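The next block holds one structure in the form of structure tokens; read it before the comments.
Model, not experiment: these values are computed from the prediction. In what follows, chains are A, B, ... by sequence order, proteins preceding strands, each numbered from 1.
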There are 2 protein chains.
Amino acid sequence: MAMTVQKPVTSADVARLAGVSQPTVSRALRGEPGVAAATIEKVRRAADALGYVLNETGRSLSTRRTNLVGIVVPELTNPFYPELIEPLRRELDGAGYRSVLIADPGESGFNVVRDLLNGSLAGVLLTTSPMGSNLPQVLKDRRIPYVLVNRVLDLVEADMCSTDNAAGARLAASLIVEIGHRRIAAVLGPGDASNARDRERGFREELAEHGIALPASRALHGPFSYESGHERAVQLLSSTRRPTSVFCANDVLAIGAYNAARSLGLRVPEDLTIVGFDDIAMASWDVFQLTTVRYELPTMAAESVRMLLARIEDPKRSHESLMIPTTLVKRATHGPPSTG
Amino acid sequence: MAMTVQKPVTSADVARLAGVSQPTVSRALRGEPGVAAATIEKVRRAADALGYVLNETGRSLSTRRTNLVGIVVPELTNPFYPELIEPLRRELDGAGYRSVLIADPGESGFNVVRDLLNGSLAGVLLTTSPMGSNLPQVLKDRRIPYVLVNRVLDLVEADMCSTDNAAGARLAASLIVEIGHRRIAAVLGPGDASNARDRERGFREELAEHGIALPASRALHGPFSYESGHERAVQLLSSTRRPTSVFCANDVLAIGAYNAARSLGLRVPEDLTIVGFDDIAMASWDVFQLTTVRYELPTMAAESVRMLLARIEDPKRSHESLMIPTTLVKRATHGPPSTG
DNA sequence: CTGAAAGCGCTTACAG
DNA sequence: CTGAAAGCGCTTACAG
């Protein structure tokens with residue numbers, strides 16, 4: 001049973017067996033119009049017989065097109081991201097594109113940029129771009145199609161698909177105020193993320209309209225992570241006059257805060273109201289029943305991919321900026337302040 | 001400000017500017033030995049001046065090598081998978097490879113197979129292969145390097161990196177029996193996953209050695225999902241003589257079961273002991289404090305990638321089969337059965 | 001309807 | 001140390 005190392009079958013091999021030229025194989029297999037039915041049949045047979053599979057690299061080099069889309073993401077272990085990435089990947093799959101995960105530039109931005117520019121990507125979805133990032137400008141200069149997903153940028157004209165973060169945060173503020181809270185705190189996102197900034201702004205504006213202040217001591221910033229939510233909440237809840245409610249700029253933070261409350265022996269919502277943002281799957285788990293601001297991630301994903309494909313199709317089309325609307329989901333983590 | 005659509009810069013452009021031949025540019029930039037220092041300098045300058053970035057597709061076609069590794073995964077929204085994918089991606093990144101997400105074949109296996117065989121991947125990591133899958137054999141026939149991650153297969157000789165599922169499940173069974181449980185149930189994984197099968201086997205064997213049976217009515221199978229864990233647990237806990245403990249074949253199932261217990265008003269561990277498997281991040285969250293079987297996912301990822309790279313390097317090397325050991329993590333979801 | 005030729009952007013023997 | 005040539009596997013005008 002000596003194994004002969006079989007070189008991959010090429011279209012030239014198929015041509016030889018079918019008794020036609022190599023370009024004819026290419027035409028027949030692609031279903032290009034104007035190929036004799038009999039030829040198509042011959043070629044198909046030969047291809048099947050040899051187990052031919054088109055070499056994507058050869059095709060890409062020739063057409064100067066690829067079927068790879070880069071998705072720039074941070075750590076996938078942050079539970080929010082899979083819920084965004086999964087529908088993005090599905091949409092791309094459906095459109096015949098493969099998804100390449102590209103690590104968030106962060107500090108080591110240089111390699112990433114090279115990966116993005118080396119011609120292997122048809123386009124890029126940016127899901128993390130901080131407000132100061134120069135990546136969008138670089139991509140623009142290189143004429144690489146991209147869409148900002150869940151982020152907004154003022155500096156560069158670009159396609160972007162986001163949600164109405166300010167309006168959503170106002171809904172949260174509104175609810176919290178309405179049920180009687182006055183000692184309100186917030187666990188906010190990173191200062192350089194547009195969605196974090198917009199959520200903070202909306203939340204503050206709505207509070208201000210009710211004449212309620214959000215002092216710096218009760219508005220803590222940090223990454224959108226479980227750990228950050230947990231730590232910031234512990235800090236807020238350990239103060240002498242602890243807040244009766246906390247708005248968290250996303251659900252991952254909120255769930256961190258929920259766990260922190262639990263670890264401190266506080267009941268939710270009796271001792272603390274928690275409101276999140278995103279409505280990720282675990283927000284509705286029995287143990288959390290998180291009251292939160294919802295928007296449709298699958299819709300955001302579908303629209304983002306649609307915009308990217310349109311841009312790939314027509315690089316000169318005018319830029320689009322889309323906002324997925326938000327709604328409030330009232331579950332079990334909000335209630336009137338305890339009269340403590 | 002008329003924008004001229006600039007065609008991407010090629011090595012030929014760099015050659016022209018530097019006043020050398022195109023192959024010399026290639027050699028200089030790759031740091032091939034035997035290029036004059038002065039030439040390297042000239043070429044570098046020209047490349048920088050033009051903003052040259054090597055075209056990966058051209059390189060791949062020429063070398064017949066790519067820097068893309070496919071990771072075959074199921075839905076990323078299953079919280080277990082990001083914890084496996086993230087370290088895999090990190091390891092691949094570190095080795096200079098990009099990660100392409102490829103949807104689990106499932107029923108629509110055909111497209112996937114084409115994607116895997118079209119020559120664009122240096123290798124493949126299979127994280128979901130069901131026991132009956134023919135994908136490994138197909139990859140083998142095509143000489144495409146691959147590693148089975150977190151799965152084991154008897155039919156095909158292949159590189160695989162798994163964990164000692166049977167031994168781990170025995171640890172769980174041991175603990176449950178030791179603290180006094182006799183009415184024991186199990187929420188098991190899918191029948192076609194090797195890790196599910198091995199965990200069930202180990203659990204049953206250890207129980208049998210203590211003379212304890214696991215009747216079919218208390219051993220329910222299903223996918224490794226939150227929903228499955230929730231539903232199966234509700235079913236088990238609604239029976240007249242409900243079990244006092246349940247072993248879940250992974251943490252996602254266990255957390256589903258935990259939530260189900262909560263929704264039924266049962267206390268954990270007072271009314272129900274729950275033991276999981278994997279020790280994913282959320283197992284240690286304050287609200288769960290899940291007792292579970294642990295193994296090092298980063299280690300599994302690192303070893304899997306090492307094996308894949310070695311296979312890419314030397315297709316003829318002998319196959320490796322590795323098992324990452326397990327340990328028991330005792331947290332707060334186990335306790336003696338209530339004397340009910 | 002189909003073939004011969006050229007080209008996509010690289011790398012790699014082969015000369016010199 | 002460097003250039004001319006060939007080739008990786010396709011697609012696409014161009015002829016006929």
**Item:** Nearest atoms (heavy-atom pairs only) where B:R311 meets B:Y146
**Value:** CG-N, 4.5 Å

**Asked** Can we say B:E75 and A:R89 salt-bridge, meaning some charged N sits less than 4.0 Å from an Asp/Glu carboxylate O?
**Response** no

**Item:** Spacing of A:D192 atom CG and A:S129 atom OG [to the nearest 0.5 Å]
**Value:** 10.0 Å

**Message:** A side-chain contact here means heavy atoms from C-beta on lying under 4.5 Å apart; do A:L101 and B:L101 qualify?
**Reply:** yes

**Message:** Take N1-N3 plus N6-O4 or O6-N4 for Watson-Crick, N1-O2 plus O6-N3 for G-U, both under 3.5 Å. Which runs of 3 or more such pairs involve DNA chain D?
**Reply:** C:1-3 with D:14-16, C:5-12 with D:5-12, C:14-16 with D:1-3

**Message:** Generate the contact string for nucleotides 9-16 of chain D. Rules: B means base contact, S means sugar-phosphate contact only, - means no protein heavy atom under 4.0 Å.
**Reply:** BBBBB---

**Message:** So, taking the atom named CG in A:L308 and the one named SG in A:C161, what distance separates them when rounded to the nearest 0.5 Å?
**Reply:** 11.5 Å

**Message:** Would the distance check show the side chain of B:R151 and the main-chain N or O of B:P130 forming a donor-acceptor pair, the cut-off being under 3.5 Å?
**Reply:** no

**Complete:** Taken to the nearest whole Å, CZ/A:R16 to C1'/C:dG3 is 16 Å

**Message:** I'd like to know whether B:R16 forms a salt bridge (charged side-chain N to carboxylate O under 4.0 Å, His left out) with B:D13, so could you lay out the CA-CA distance, the side-chain angles of the two residues, the decisive distance to 0.1 Å, and finally the verdict.
**Reply:** CA-CA 5 Å; B:R16 214 166 298 130; B:D13 299 325; 3.2 Å; yes

**Message:** Between A:E41 and A:R44, does any side-chain N to carboxylate O distance fall below 4.0 Å?
**Reply:** no

